[in-house]
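Worksheet for the structure shown next.
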Amino acid sequence: MTASDKRNRAAAKLLAGVHAITAKEGITPSALHALKLKLVALAARKELFPLADFSMPVAEGRNHPLLVEDNDGHGLYLTISLPGKEAAPHDHGIWCVNAAISGRERHKFFRRTDSLARPGHATVEQVGEVMVEPGSGMAMADHDIHSTVVVGDKPAIGLALYGYALVRFPSVSWYVPQFNSVRTTPSRRHAAME
């Protein structure tokens, strides 16, 4: 059996476990923690993810689909982000869990502090931080806000599990704290379902 075959079986087993947890609990903080532990355990099986099986990004980062479910199912990806790649504070609009295979990525977490009364205006404050590196991960609920940056001189390679596949993401909100502003990208959900 090839690494690809073993990886496909492991991905299917992970998603079966994810569905068992969420069917019982829904998407709660304890369920997200349990999903994170499952993803960290899969990421520790480095033999399933030989770099020869995955193209390196040409610029900044790349997502390799491992298992993408139909319709409103989940998406599991191997992610590769080059040193220095960063993403401004943003809200995916859907829950996600990340775990590291190698490298280090700093996640800062924020909460929105304005009244949401003015379109395009937003203030956020940092409320936490975690370093995602081998043996660790992070989990976010539907409207949590985070920023990321790859630290060190090696790519951050990890696993990302989302409540929806990337092609069916809801609108993503991007926050610019220094200008107290927010902009929202269009939802991909309707286009992906046509």
Side-chain angles (χ1 to χ4, degrees), residues 7 10-11 13-15 17-18 21-22 27-51 53-68 74-112 124-166 169-170 172-175 177:
R7 183 168 60 244
K13 183 177 178 183
L14 173 83
L15 266 290
V18 166
I21 291 167
T22 58
I27 301 300
T28 63
S30 64
L32 288 171
H33 180 72
L35 301 184
K36 178 180 76 172
L37 294 179
K38 286 191 168 298
L39 199 63
V40 168
L42 180 57
R45 298 180 60 193
K46 295 180 193 261
E47 74 280 1
L48 296 178
F49 309 103
L51 275 183
D53 287 3
F54 302 98
S55 303
M56 290 297 284
V58 175
E60 293 206 347
R62 184 169 186 159
N63 296 312
H64 295 274
L66 297 178
L67 181 58
V68 176
H74 305 321
L76 175 64
Y77 301 85
L78 180 130
T79 63
I80 303 174
S81 299
L82 297 180
K85 179 188 182 290
E86 59 185 313
H90 61 283
D91 162 2
H92 299 160
I94 189 65
W95 63 265
C96 73
V97 181
N98 291 79
I101 296 170
S102 63
R104 301 171 74 218
E105 185 175 59
R106 179 181 297 118
H107 292 251
K108 292 182 179 179
F109 300 97
F110 300 83
R111 73 176 176 88
R112 194 161 174 178
V124 295
E125 69 177 7
Q126 187 177 336
V127 294
E129 182 175 315
V130 67
M131 185 69 71
V132 176
E133 54 195 345
S136 72
M138 74 90 196
M140 292 174 42
D142 286 6
H143 291 288
D144 287 350
I145 301 168
H146 78 144
S147 67
T148 63
V149 63
V150 177
V151 297
D153 59 0
K154 296 184 173 132
I157 301 170
L159 299 177
L161 174 65
Y162 297 98
Y164 294 137
L166 292 175
F169 252 36
V172 176
S173 296
W174 293 90
Y175 299 86

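We count residues from 1, following the sequence as given. Reckoned from all heavy atoms, side chains included, excluding hydrogens, waters and symmetry mates.
Not a single donor-acceptor pair under 3.5 Å links the side chain of S136 to the backbone N or O of A99. The backbone N or O of L67 sits nowhere less than 3.5 Å from a side-chain atom of Y77 that would complete a donor-acceptor pair. Judged by distance alone, with hydrogens and angles left aside, the side-chain atoms of H33 form no donor-acceptor pair with the main-chain N or O of A31 at under 3.5 Å. For K108 (side chain) and G128 (main-chain N/O), no donor-acceptor pair under 3.5 Å exists by modelled atom type.
Separating the CG atom in L14 from the CZ atom in R7 is a distance of 14.0 Å, to the nearest 0.5 Å. One finds the CG atom of L161 at 9.0 Å from the CG atom of N98 (value rounded to the nearest 0.5 Å). For the atom pair I94 CD1 and I27 CD1, the distance stands at 7.5 Å (nearest 0.5 Å). How far OG of S81 is from CZ of R104: 14.5 Å, rounded to the nearest 0.5 Å. Note: I145 CD1 to R111 CZ = 10.0 Å, rounded to the nearest 0.5 Å. To the nearest 0.5 Å, atom CG of residue L159 and atom CZ of residue F49 are 4.5 Å apart.
At least one side-chain heavy atom of L51 sits less than 4.5 Å from a side-chain heavy atom of I157. Inter-residue side-chain proximity for L42 and L48 is flagged as met; some heavy-atom pair is nearer than 4.5 Å. In this structure, K46 and I101 have side chains that are in contact, with non-hydrogen atoms separated by less than 4.5 Å. In this structure, L35 and T22 have side chains that are in contact, with non-hydrogen atoms separated by less than 4.5 Å. Contact of the H146 side chain with the M140 side chain is registered, since non-hydrogen atoms from C-beta on lie closer than 4.5 Å. Counting heavy atoms from C-beta outward, P155 and M56 have side chains that approach closer than 4.5 Å. Contact annotation: the side chain of P89 never approaches that of Q126 to less than 4.5 Å [non-hydrogen atoms, C-beta and beyond]. Under the 4.5 Å side-chain criterion, counting only non-hydrogen atoms from C-beta, H107 is not in contact with E129.
In plain terms, the two heavy atoms of R62 and S55 that are nearest each other are NH1-CB, 3.4 Å. Heavy atoms only, all atoms of each residue included: T79 and A160 are closest at CG2-CB, 3.9 Å. Scanning both residues, G84 and V149, for their nearest heavy atoms gives O-CG2, 4.2 Å. Residues I80 and P57 approach most closely at CG2-CD, 3.5 Å, considering heavy atoms. For the residue pair M138 and C96, the shortest heavy atom distance occurs at CE-SG, 3.8 Å. Nearest heavy-atom pair, P65 versus N63, reported as atom, atom and distance to 0.1 Å: CD-O, 3.7 Å.
Residues satisfying the side-chain hydrogen bond (donor to acceptor under 3.5 Å, both in side chains) test with S102, not counting sequence neighbours, are none.
Annotation: Y162 is in aromatic contact with H92 [ring centroid separation under 6.0 Å]. In this structure, W95 has its ring center under 6.0 Å from that of H74.
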After noting the C-alpha distance and the side-chain angles of V151 and M131, does the key distance pass the side-chain contact (heavy atoms from CB on, under 4.5 Å) rule? CA-CA 9 Å; V151 297; M131 185 69 71; 3.7 Å; yes
What's the verdict on side-chain contact (heavy atoms from CB on, under 4.5 Å) for L76 and L39, showing C-alpha distance, side-chain angles and the deciding distance? CA-CA 10 Å; L76 175 64; L39 199 63; 3.8 Å; yes
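Taking a cutoff of 4.0 Å between a charged side-chain nitrogen and a carboxylate oxygen, D91 and R112 do not qualify as a salt bridge.
More than 12 non-hydrogen atoms from other residues, nucleotides or ligands lie less than 6.0 angstrom from NZ of K36.
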